[in-house]
There are 2 protein chains.
Amino acid sequence: MGTDRVAALVDSLRARGERITTARRALLTALAEAGDHRTAEELAAEVARVHPEVHRATIYRTLDTLRRLGVVEHTHLGHGPAVYHLADEPHQHLVCEDCGAVAEVPPTVFRPLERALARDYGFAVSSRHFALVGRCRECSQGRDAI
Amino acid sequence: MGTDRVAALVDSLRARGERITTARRALLTALAEAGDHRTAEELAAEVARVHPEVHRATIYRTLDTLRRLGVVEHTHLGHGPAVYHLADEPHQHLVCEDCGAVAEVPPTVFRPLERALARDYGFAVSSRHFALVGRCRECSQGRDAI
DNA sequence: GTTCTTGCAAAAGCTTTGCAGGAAG
DNA sequence: CTTCCTGCAAAGCTTTTGCAAGAAC
């Protein structure tokens with residue numbers, strides 16, 4: 001399952017002339033196994049379970065490399081660290097300011113907004129770099145004000 | 001002009017039982033004069049021109065106090081520091097990932113999206129806490145890909 | 001006089017960078 | 001063999017915190 005996905009990513013990177021190193025393969029594996037988003041810290045811990053020698057700086061550098069290559073995206077959910085995930089299956093994040101729950105919604109929900117911004121402001125929304133902050137269903141029902 | 005606005009803000013804070021200190025008044029003045037968004041660093045510099053004794057920690061603490069009181073909002077435009085502005089005239093930020101230009105758009109543009117998220121996910125978008133990242137008109141025309 | 005705010009200094013949290021050794025191709 | 005990547009250590013940037021002195025009311 002995740003193994004195939006990693007193999008495909010590795011192949012595509014190699015095809016582009018990128019080097020395949022222990023850190024890169026381990027990071028791709030950790031990302032594929034994650035399912036949803038992970039912080040750099042969490043990914044470093046996951047990688048360290050198998051390859052303790054991989055340094056945190058390498059985690060950040062490799063994540064940035066993979067981002068430039070279009071393989072990884074990262075999103076800011078709030079005031080904490082950024083979260084990373086594989087770039088296939090793009091999605092937007094909704095984060096609840098009360099309980100911290102994070103929901104993923106398909107990018108189609110944003111299509112009308114993107115069209116309006118392109119039409120009225122010439123602005124081409126290009127990334128799902130930031131989450132939308134608000135209140136989830138459960139927290140909306142429990143209380144009214146902050 | 002800005003003076004009236006500051007006076008009104010000061011009055012409303014006092015009416016709520018909040019203390020009016022040098023730092024608070026200076027910060028409100030700097031925010032009112034700013035017109036658009038400013039980083040905490042920029043606001044600290046502006047305040048320091050008149051009151052050099054106001055410490056940066058006080059800037060952050062005061063901004064947070066004003067945020068809790070609903071007077072100030074802050075937004076994350078990208079990877080740098082947060083930007084602050086007075087909470088009247090709410091707006092969303094569009095930031096260009098190429099040239100860094102920041103546009104402000106009225107919240108009405110987001111109304112349909114907010115309704116869709118409320119209807120389909122029970123999610124109540126409550127803040128304009130993050131900018132939307134994309135490419136502005138000028139940068140879209142100049143080039144096609146990253 | 002009481003309570004809230006501030007200045008200071010220090011640290012926290014997350015991320016980036018310079019450099020020299022080492023691995024990938 | 002050449003180029004790119006990594007480990008290490010150190011620092012960067014933004015923001016937060018503990019504490020005692022000081023200001024607001």
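Keep in mind that this is a model prediction, so the values were computed, not measured. Throughout, protein chains are lettered first and strands after them, A, B, ... in sequence-line order, and every chain is numbered starting at 1. Computed over heavy atoms, backbone and side chain alike; hydrogens, waters and symmetry mates excluded.
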Using atom CG of Leu43(B) as one end and atom C1' of dT14(D) as the other, report the distance to the nearest whole Å. 14 Å
In residues 44-56 of chain B, which ones come under 4.0 Å of DNA chain C, going by heavy atoms? Glu53(B), Val54(B), His55(B)
With a cut-off of 3.5 Å and sequence neighbours excluded, list every side-chain donor-acceptor pair involving residues 51-58 of chain A.
{"from": "His55(A)", "atom 1": "ND1", "to": "Ala57(A)", "atom 2": "N", "distance (Å)": "3.0"}
{"from": "Arg56(A)", "atom 1": "NE", "to": "Glu41(A)", "atom 2": "OE2", "distance (Å)": "3.4"}
{"from": "Arg56(A)", "atom 1": "NH1", "to": "Glu41(A)", "atom 2": "OE2", "distance (Å)": "3.1"}
{"from": "Arg56(A)", "atom 1": "NH2", "to": "Glu41(A)", "atom 2": "OE2", "distance (Å)": "3.3"}

Tell me the closest heavy-atom pair linking Ile59(B) and Ala40(B), and the distance in Å. CG2-O, 3.9 Å
Atom-to-atom span, CD1 of Ile59(B) to P of dT17(D) - whole angstrom: 17 Å
Check step by step if side-chain hydrogen bond (donor to acceptor under 3.5 Å, both in side chains) holds for His129(B) and His76(A). CA-CA 11 Å; His129(B) 195 65; His76(A) 300 271; over 6 Å; no
Side-chain contact check for Pro81(B): nearest option of dT6(C), dT15(D), dG7(D) is dT15(D)
From dC8(D), dT17(D), dT14(D), nucleotide with atom closest to Ala57(A) side chain: dC8(D)
End-to-end bend of the helix from dG1(C)-dC25(D) to dG25(C)-dC1(D) (five-pair axes, 10° rounding)? 40°
Just to be sure I understand the rule, does Thr65(B) reach a base, reach only the sugar-phosphate, or reach nothing, if contact means heavy atoms closer than 4.0 Å? nothing
Indicate every side-chain donor-acceptor pair of residues 111-125 of chain A with a distance under 3.5 Å to a residue at least two apart or in another chain.
none

For His74(A) and dC14(C), what is the distance between atoms NE2 and P respectively, to the nearest whole Å? 14 Å
Interatomic distance, His76(B) NE2 vs dG13(C) P [rounded to whole Å]: 17 Å
If you compare every side-chain N and O of Thr62(B) against the phosphate oxygens of dT6(C) (OP1, OP2), does one of them come in below 4.0 Å? yes
Smallest heavy-atom separation, Arg128(A) atom then Thr75(A) atom, equals O-OG1, 3.4 Å
Just how far is it from atom CG of Asp88(B) to atom CZ of Arg5(B), taken to the nearest 0.5 Å? 4.5 Å
Charged N-O contact under 4.0 Å between Asp64(A) and Arg67(A): yes
Output the rounded distance in Å from CG (Asp64(A)) to P (dT17(C)). 9 Å
With respect to Val47(A), which candidate in Leu31(A), Leu27(A), Thr62(A) satisfies the side-chain contact (heavy atoms from CB on, under 4.5 Å) definition? Leu27(A)
Determine the minimum heavy-atom distance between Glu42(A) and His37(A), stating which atoms define it. OE1-O, 4.4 Å
Would the distance check show the side chain of His74(B) and the main-chain N or O of Val72(B) forming a donor-acceptor pair, the cut-off being under 3.5 Å? no
Looking at dC14(C), dT14(D), dT6(D), which one has an atom nearest to any side-chain atom of Tyr60(B)? dT14(D)
Rounded to the Å, how far apart are Leu63(B) CG and dT6(C) P? 11 Å
Would you mind reading off the distance between Leu13(A) atom CG and dC4(D) atom P, rounded to a whole angstrom? 16 Å
Look at the side chain of Arg16(B) and the backbone N and O of Leu69(B), then say whether any donor-acceptor pair between them is shorter than 3.5 Å. yes
Ring pair (Phe, Tyr, Trp, His ring centres under 6.0 Å): pairs with one or both residues in residues 94-115 of chain A, sequence neighbours excluded: none
Classify the side chain of Arg61(B) and the base of dG18(D) as holding, or not holding, a donor-acceptor pair under 3.5 Å. yes
More 5' along DNA chain D: Ala40(B) or Thr58(A), using each one's nearest nucleotide? Thr58(A)
Select base, sugar-phosphate, or nothing to describe what Arg24(A) touches, counting heavy atoms under 4.0 Å on all strands. sugar-phosphate
Nearest-Å distance for atom pair NE2/C1', residues His79(B) and dT14(D): 14 Å
Could you run down the sub-3.5 Å N/O contacts of the protein with nucleotides 20-25 of chain D?
{"from": "dA24(D)", "atom 1": "N3", "to": "Arg19(B)", "atom 2": "NH1", "distance (Å)": "3.4"}
{"from": "dC25(D)", "atom 1": "OP1", "to": "Arg14(B)", "atom 2": "NH1", "distance (Å)": "3.4"}
{"from": "dC25(D)", "atom 1": "OP1", "to": "Ile20(B)", "atom 2": "N", "distance (Å)": "3.0"}

